[in-house]
Protein chains: 2
Amino acid sequence: MRLTLPSSGLAAQPLNPCFRSLHVCGRTTGYDGGMRNHELVLSWIEAELAAGRLAVGQRLPGERAVAEQLNVSRASAREGIRVLEAMGVVRAGVGSGPGAGTVITANPAVALGSALRFHVASSHLPVEDIVQTRLLLETWAAGHASATAPSMETAAALLDDMDAPGLATAEFLRLDALFHVALAEAAGNVLIGAMMSSLRGSIETYTQQLTSRLPDWNTTAERLRAEHRAIHRAIGGDGGDPAVLIAAHIEGFYREAGL
Amino acid sequence: MRLTLPSSGLAAQPLNPCFRSLHVCGRTTGYDGGMRNHELVLSWIEAELAAGRLAVGQRLPGERAVAEQLNVSRASAREGIRVLEAMGVVRAGVGSGPGAGTVITANPAVALGSALRFHVASSHLPVEDIVQTRLLLETWAAGHASATAPSMETAAALLDDMDAPGLATAEFLRLDALFHVALAEAAGNVLIGAMMSSLRGSIETYTQQLTSRLPDWNTTAERLRAEHRAIHRAIGGDGGDPAVLIAAHIEGFYREAGL
DNA sequence: CGTTCCGGTGTGGTAGGACCACAGGGCGTG
DNA sequence: CACGCCCTGTGGTCCTACCACACCGGAACG
């Protein structure tokens with residue numbers, strides 16, 4: 001239960017490694033607190049990020065440079081960077097010039113999304129829990145959405161797109177998901193927007209399966225369109241409680257699909 | 001135990017172009033959809049998980065075995081496994097015997113937690129958003145908590161621990177965090193419990209800084225203890241709305257600290 | 001017969017070197 | 001001036017060889 005090194009708590013287990021053995025595994029300086037080498041990379045980058053020496057949009061030093069700087073092998077540096085990529089903190093690109101190399105990004109949604117998918121796959125995260133959470137987040141977001149938020153225009157455009165005749169079901173659902181995410185973003189909370197985005201992604205296939213259980217898709221789609229318009233109007237201040245409307249909207253869909 | 005490759009006929013054929021192109025390096029004519037090799041490992045394990053061939057508690061094949069099976073190098077296999085570890089899907093342990101090797105776990109909280117920390121560090125995730133989200137999740141959880149949930153006993157024990165005289169501030173905060181997480185878990189939603197746990201972890205240092213701005217810690221601690229008891233009683237049905245109480249509890253703390 | 005010790009074995013962790021595919025940028029040639 | 005080739009730096013991959021670790025079974029000892 002080591003609470004040392006508070007600024008970077010990735011190392012949960014001691015896992016006392018091999019590097020303090022005289023000179024073999026490199027880094028004779030020691031004092032890594034039992035951290036594996038790739039975690040060393042993680043905590044270093046976290047510190048650089050927190051100190052402002054690295055910022056979104058900048059490029060990370062090359063893998064070889066990172067490895068040399070931290071006295072680890074390139075493989076260890078790569079492992080750390082790989083984790084960062086999975087967390088949506090960086091984006092790797094080959095070649096040279098702008099856009100190449102490892103660039104710092106800020107995409108919390110990918111981190112949550114992929115992790116959620118895995119835990120759903122391992123049957124330790126019931127889909128009902130995700131749906132329930134989604135309902136909670138969206139209801140809150142609708143209640144706090146600002147009519148003047150830029151994403152509200154995006155939402156309006158998506159509504160028009162969804163009116164296109166002969167739209168395939170999958171395409172409709174995709175636009176639907178984007179619409180809901182746009183609403184969540186209109187509340188101005190980055191975290192909740194990211195969570196909504198991840199949640200929708202992790203239950204996307206599930207939602208598609210649900211549509212096949214509907215009695216008549218066209219009728220449902222028409223109703224969804226109308227409800228979307230009503231929610232959008234309500235956020236604009238045109239009568240009605242957005243939170244109530246969106247809660248009914250979501251619950252109605254799952255109920256009709258036979259939840 | 002030999003795991004079989006997801007049928008797909010061409011498993012016998014070199015799935016990896018590494019063997020075609022003069023036996024060097026990967027993916028010349030990739031039929032892997034442009035997927036990097038470590039992503040191949042990820043999708044394979046996800047498939048095995050979804051198919052039930054891998055389950056929580058079981059051990060993953062050794063890194064060397066995974067590498068050979070997917071026709072990738074051990075380094076690539078390790079990168080994939082490292083990502084899984086960061087997502088809380090597996091846990092790596094050296095040595096032999098039970099507990100050693102790469103064991104499948106289910107710990108969504110670590111994934112969200114570490115990712116959140118990084119995005120806070122990169123200044124793309126305001127702490128206020130996290131606090132706001134925490135308030136939302138906890139209020140909901142308190143309103144849906146079951147008095148008979150096992151974690152309610154844990155919560156009660158934590159309350160007693162917090163009554164210990166001469167408790168250090170940091171230790172009190174640690175117990176406090178565990179208490180709130182226990183309450184969230186009592187609502188029975190795995191995802192929300194995991195999110196709460198991550199959120200608390202990612203703002204832990206921030207909370208500790210806040211305490212230094214309080215006029216008198218002892219007074220505040222006494223008030224927090226009383227409020228905790230009241231919330232716990234309310235969930236047990238002993239009068240009062242748990243959601244209202246916990247919302248006031250959280251908001252009160254941040255207000256007193258000068259939010 | 002029980003106990004202790006020691007090496008074998010399999011696991012993750014690490015290092016280092018090598019090569020490939022890619023994308024620019026600079027320089028040379030037309 | 002324009003075109004095209006090579007040089008350079010980047011991530012991506014592979015291989016091989018180690019180390020540290022923890023169990024486990026057989027050998028040696030009391």
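To find a chain, count down the sequence lines: A is the first, B the second, and so on, and within it residues start at 1. Given the structure is predicted, the values throughout are model-derived calculations rather than measurements.
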| remark: A:E63 CD to C:dA21 P, in whole Å, measures 18 Å
| said: Under a 3.5 Å distance rule, please check whether A:T102 uses its side chain to pair with a backbone N or O of A:L60 as donor and acceptor. | reply: no
| note | Atom NE2 of B:H38 and atom C1' of D:dT13 are separated, to the nearest Å, by 12 Å
| Spacing of A:R74 atom CZ relative to D:dA17 atom P, expressed in whole Å | 21 Å
| Rounded to the Å, how far apart are A:N37 CG and C:dT14 P? | 4 Å
| task | Starting at atom CG of A:L70, determine the distance to atom C1' of C:dG13, rounded to an integer number of angstrom. | result | 17 Å
| What integer distance in Å separates B:M35:CE from D:dG12:P? | 15 Å
| field | Any donor-acceptor pair under 3.5 Å from A:H180 side chain to A:M196 backbone | value | no
| task | Check every strand shown and say whether B:G99 touches a base, only sugar-phosphate, or nothing at a heavy-atom separation below 4.0 Å. | result | nothing
| task | Choose from D:dG11, C:dT14, C:dT11 the nucleotide whose nearest atom is closest to any side-chain atom of B:V94. | result | C:dT11
| query | With a 3.5 Å cut-off and just heavy-atom distances, do the side chain of B:R91 and the base of C:dG12 make a donor-acceptor pair? | reply | no
| query | How many Å lie between CZ on A:R78 and P on C:dG17, as a whole number? | reply | 17 Å
| field | Among C:dG13, D:dT10, D:dA22, the nucleotide that comes nearest once only the side chain of B:S96 is considered | value | D:dA22
| request: Would you kindly check whether a donor in the side chain of A:R64 faces an acceptor in the base of D:dG11, or vice versa, at under 3.5 angstrom? | output: yes
| said: What I want to check is whether an N or O donor and acceptor connect the side chain of B:R82 with the base of C:dG13 at under 3.5 Å. | reply: no
| request: Under 4.0 Å between any heavy atoms, over every strand shown, what does B:G97 touch: base, sugar-phosphate, or nothing? Just pick one. | output: sugar-phosphate
| said: Is there a side-chain contact between B:E79 and B:V41 in this structure, where contact means two heavy atoms from C-beta onward sitting under 4.5 Å apart? | reply: no
| field | Short side-chain N/O contact to D:dC14 OP1/OP2 from B:S76, under 4.0 Å | value | yes
| task | Measure the distance from CD on B:E79 to C1' on C:dT14 and round it to the nearest whole Å. | result | 14 Å
| Side chain A:D129, main chain B:V190, donor-acceptor under 3.5 Å | yes
| field | A:S73 side chain to A:S76 backbone, donor-acceptor under 3.5 Å | value | yes
| query | For B:T102 and C:dT11, is the shortest distance between a side-chain N/O and OP1 or OP2 below 4.0 Å? | reply | no
